[in-house]
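Note on naming: letters A, B, ... go to the chains in the order of the sequence lines (proteins, then strands), and numbering restarts at 1 for each one.
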Amino acid sequence: MSAPDFKAIEEKWQRRWAEARIFEANPDPSKPKFFATFPYPYMSGPLHVGHGYTSVRVDVVARYKRMKGFNVLFPWAWHWTGETVAGASERIKRGDKKFIEALRVIDGVPEEELEKFVEPAYMAKYYTDYNREAVKRLGLSIDWRREFHTTSLHPWFSRFVEWQYLKLREKGYVVKGTHPVVWCPRCQSPVGDADRLEGSGVYPEEYVLVKFALDDAYLPAATFRPETIFGATNLWLNPEAEYVEAEVNGEKWIVSQEAAEKLKLQLRKVRILRVFRGCELVGRRCREPIHGRMLPILPGWFVKPESASGVVYSVPAHAPYDWIALKDLQENPKLLEEFGISPEEVKAVEPISIISVEGLGEYPALEISESLGVRDQHDPKAEEATKLVYKREFHKGVMKENCGAYAGLPVAEAKQRITEDFKARGLFDSMYDLPERVVCRCTTLCTVKILQDQWFLNYSNPEWKQRVKEALSMMEVYPREARAWFEAVVDWLRDWACTRKTGLGTPLPWSPDWIVETLSDSTVYMAFYTINRLIREEAIPAEKLTPELFDYVFYGLGDLERLAGELGLNAELIKALREEFLYWYPVDLRNSGKDLIQNHLTFFIFHHVALFPREHWPRAVAVNGFMRVEGEEMHKSKGNFIPLRKAVEEHGADVTRAVVLLAAEGLDDPDWRAESLREVKANLSSLQRFILEAWRAEGKDEAEEVEAWLLSMLGGRAEKVAEALEVLKTRTALENALYEVWKDFRWYLRRTKPHPPTVRRAIKIWIRLLAPFIPHLCEELWEKIGGEGFVSLAPWPSREEAPQNLEAEELEEALKLLLEDTKHILKVTGIKPSKICYYTASPWKWEVYLEALKRGRAQVKQLIGEALSKPEARRLGKQIARMVEEASRLENSARERRLEIGMVDEASFLRRVKGFLEGELKAEVYVFREDEDGIYDPKGKASMAEPYRPAIYVE
RNA sequence: GCGGGGGUCGCCAAGUCUGGUCAAAGGCGCAGGGCUUAGGACCCUGUCCCGAAGGGGUUCGUGGGUUCAAAUCCCACCCCCCGCACCA
């Protein structure tokens, strides 16, 4: 039989599902509901197989729950909000060749469409249409009537976001704030990681400025280690750099020219008074702010004027750069000549040790510089030495007695307190800067700007955090390991700037020059799905979706009749909106990639907690890994990007689904491999062949215990699959439904002639177990075997259909072991058997055995004693002791099973399966009871018999 | 650095929460056999070491500890992966 035509089968069933509208879900109070969601994907490009993986996981659970009798809602929508689509359009408009080529080649966008991409809305629409097709062909069980996209281009959704933000503001969760960002002076906009040519992962860092005094001016020296101020010996200025004297917020400051520009962007009023070269001040003395010590200003060529303030103070005992630079000057007095500094003065500068570190001496900077062999201040090893000293001192250092009130404190703590204290006294200040170069995509060098009057979601609010933690503790989190991560994220989250000046989105209702940012408009929109069906069916105009209407729908606030009158809407319709929301809410499951833990999924909880009563808080979140391709990360730039639509078109939906589902579980990353595709494709082909052949197989008329065994196993597998799906272990579930069940069938067919009624019953169960995972093939098979209706709607197999039979399971297991042991013996001894004898345990052994099961391990010794008091047992001493020991040590569940079964007539069972054993072992098989008279037992093996473990003799 | 996850028999990977049925599931690879004109697919068997009777020995990152019993619990250490924010 040839491979099934997956493509034709899939089209056929997708068409029938759509025609019968079986995934469209309306409220039905007679059924429990299940509301499953996938975070709507961003429409700046084609979906990839990773989206496929995550969404299929949702789909599998949705399909399973449907079969379990739930009224399941699985909706879908599209995310258009943000700067990315607008940015992409902009790049096309500018004629960015590389970018356009990528769209053409990787995304396969036709030429005539590409031209229209200069309009962001068109681009988003194009990808939405393109990707909808991919999602449909993947066979997701979606209710498409509730579909929408975000931004003001969808006014209904915008109304909803407006309502959300008005509420958040009323409740005090949206506040105005000030915040440093990486800023492009040319674009006049913050520059995120994705928009950079250089410097990804670089963010503003706060430098402490220590204000050294020089006449009426301050030299604000920038540092990450303010605690070292007690060990300062001098100041460094780069003699060749341009510095300025400037009025900064009313004080006179001396900083590098670059620094003055930076300070302007950091909410300082800066007026430049004069510009001069660093060498001008070299040789002067300035006053250190804490103790008023007078310190020399020395030339430091390593000082970078473009970094922070361009002024640095020197702590040679604890900073390798300072130590080396000082040594350079001391050893090369010539360097000083042009500045008119006396070499004696420089020689007199001595390191001041202020931190003690276990394992390091008086001057850690000196020690580490020497051990690393740092040559001079231009040696890259100086950087390494700096980091090393910092690390050791920060974690293990303690402030020495010369540090005033901070003596004895660990460095980490002293640092914090010193900064706070001296800032409060005006001796310290601070500024932001970037630790490395950042270049905007527009090729402009970026700096730090402090944005003010920004709107923030105040996630740092401790009460809000507390309620989120409470919600989290009530939720299910899959996989389990992700819970700690979520908790850490809640603690870590700071205020989030929730508005932007550019890009697509919904204008902030009270300040429409701001647009609600992309992550911030996507937190509670699942509520919108619940009502969007009626909004669309009843064609409710967007302007009627007023805050008052939403208040009624989501909170039950307000007077229905009056509201209806004011809006000119039917009161019944408004009530129906409310009822539909109440029916579906809360969200029962939301599943995404693990990257969304630290933003979207946590935001999702924050906003639900802020906006909805406890009974509407989410029930469960789940996360999974990222799709890799042949072991590599998937990236458009790497050329290994697998668009979902291409995957489905090339390999089919069921194969694609099975491949990704079998690839990983938990937080592990699934791998998309050609090898795996081949395998799964072959597996599914032979699966359908196997099932159809088995369905038609003929054999015996009477069922035996092996039929009971097959059904019992199948029932157990069904339970295992269900358990796994309940906790989103989709791979375990599919492995059981596919490979484990298959294995059972193989054993069954090897073990006996098929009994058609049992086989058919088993196959009907098996197809249903597979239906959530590979629904198209299952529908096809279901139809072929005459199953009723859609398998997608068939009931999940129950235990009544596949009753548990412990005895059959245990006997079959014992039979497998017996066969294995016999083969083992034959292998080790090298005997080619003509005759194989089995001896089953006598009743008194069963009594001892069952007693051991009953009493458990606590009474092993006593039991052995009792057992050995039986005369038959005495001569078998050791063996009985071992048997009792093993039986009593069995795991509880296994002990209970065997206890429940009680004594088993193994001999008659073995006699019934004699033919099978003879076929497998190619020898004559004889079965005896140990205690029968006159048995054939030339080597006296019979007494070795134990329950579930007949003695074996071969010759 | 901080936060999160992880190191299992050639590879991938279950088991760890709830200690005992664990020499440790499953898949791949490899070896042998069957089927086949051949290949593929499929089916059996084996795959830490030793063994002429179902047994024994040594294993789960490293080193300690708890226990009658540890891959599983406790402590310390080493190594690997991911995240660290105005962005989807």
For [N], give its Watson-Crick or G-U wobble partner with both distances under 3.5 Å, or none.
N: B:C2; value: B:G83
N: B:G10; value: B:C28
N: B:A53; value: none

- [ ] Could you say whether the aromatic ring of A:Trp492 and the base of B:A85 stack, counting only centre distances under 5.5 Å and plane angles under 30°?
- [x]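 A:Trp492 ring centre within cut-off of B:A85 base, planes near parallel; stacks.
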Hey, does the side chain of [X] come within less than 4.0 Å of [N]'s phosphate (OP1/OP2), counting only N and O?
X: A:Arg731; N: B:A14; answer: yes
X: A:Arg751; N: B:C43; answer: no
X: A:Lys827; N: B:G32; answer: no
X: A:Arg949; N: B:G55; answer: yes

If you look at every strand shown and take non-hydrogen atoms under 4.0 Å, does [X] touch a base, only sugar-phosphate, or nothing?
X: A:Pro950; answer: base
X: A:Asp595; answer: nothing
X: A:Lys501; answer: nothing
X: A:Gly82; answer: sugar-phosphate
X: A:Leu662; answer: nothing
X: A:Leu519; answer: base
X: A:Val954; answer: base
X: A:Val181; answer: nothing
X: A:Glu83; answer: sugar-phosphate
X: A:Phe456; answer: base
X: A:Ala951; answer: base
X: A:Glu481; answer: sugar-phosphate

Could you tell me the separation between the [atom1] atom of [X] and the [atom2] atom of [N], rounded to a whole number of Å?
X: A:Arg628; N: B:C81; atom1: CZ; atom2: C1'; result: 9 Å
X: A:Glu820; N: B:U45; atom1: CD; atom2: P; result: 8 Å
X: A:Phe486; N: B:C84; atom1: CZ; atom2: P; result: 16 Å
X: A:Ile597; N: B:C82; atom1: CD1; atom2: P; result: 15 Å
X: A:Ile825; N: B:A52; atom1: CD1; atom2: C1'; result: 11 Å

Open item on the list: Could you check whether any side-chain heavy atom of A:Glu198 comes within less than 4.5 Å of a side-chain heavy atom of A:Glu436, counting everything from C-beta outward?
Closed with: no
Nearest-nucleotide pick for [X], side chain only, options being [options]:
X: A:Leu667; options: B:G54, B:G5, B:G26; answer: B:G5
X: A:Tyr953; options: B:A41, B:G27, B:A53; answer: B:A53
X: A:Arg746; options: B:A53, B:C44, B:G4; answer: B:C44
X: A:Arg750; options: B:G54, B:U45, B:G4; answer: B:U45
X: A:Tyr203; options: B:C84, B:G4, B:G51; answer: B:C84
X: A:Gln598; options: B:G83, B:C87, B:G51; answer: B:G83
X: A:Ala484; options: B:G4, B:G54, B:G27; answer: B:G4

Open item on the list: Taking the nucleotide of RNA chain B with the nearest heavy atom to each, does A:His824 or A:Ser893 sit closer to the 5' end?
Closed with: A:Ser893
Open item on the list: Both A:Val489 and A:Val191 contact RNA chain B. Which one's nearest nucleotide lies toward the 5' end?
Closed with: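 Upstream on the strand: A:Val489.
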Task: Same-atom distance (P) from B:U8 to B:G15, integer angstrom - done: 14 Å
Task: Ring-ring centroid check A:Phe641 A:His635, cutoff 6.0 Å - done: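 That pair fails the under 6.0 Å test.
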Return yes if some donor-acceptor pair links the side-chain N/O of [X] with the main-chain N/O of [Y] below 3.5 Å, else return no.
X: A:Asp668; Y: A:Ala664; answer: no
X: A:Ser685; Y: A:Lys681; answer: yes
X: A:Thr54; Y: A:Gly50; answer: yes

- [ ] Classify the ring geometry between A:His149 and A:Trp80 as parallel (under 30°), tilted (30 to 60°) or perpendicular (over 60°).
- [x]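 Parallel: the ring planes of A:His149 and A:Trp80 meet at under 30°.
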Task: SB check A:Arg673 A:Glu630 (cutoff 4.0 Å) - done: no
Open item on the list: To check you understand the geometry: which heavy-atom pair defines the closest contact between A:Ala497 and A:Phe456, and what is its length?
Closed with: N-CD2, 3.4 Å
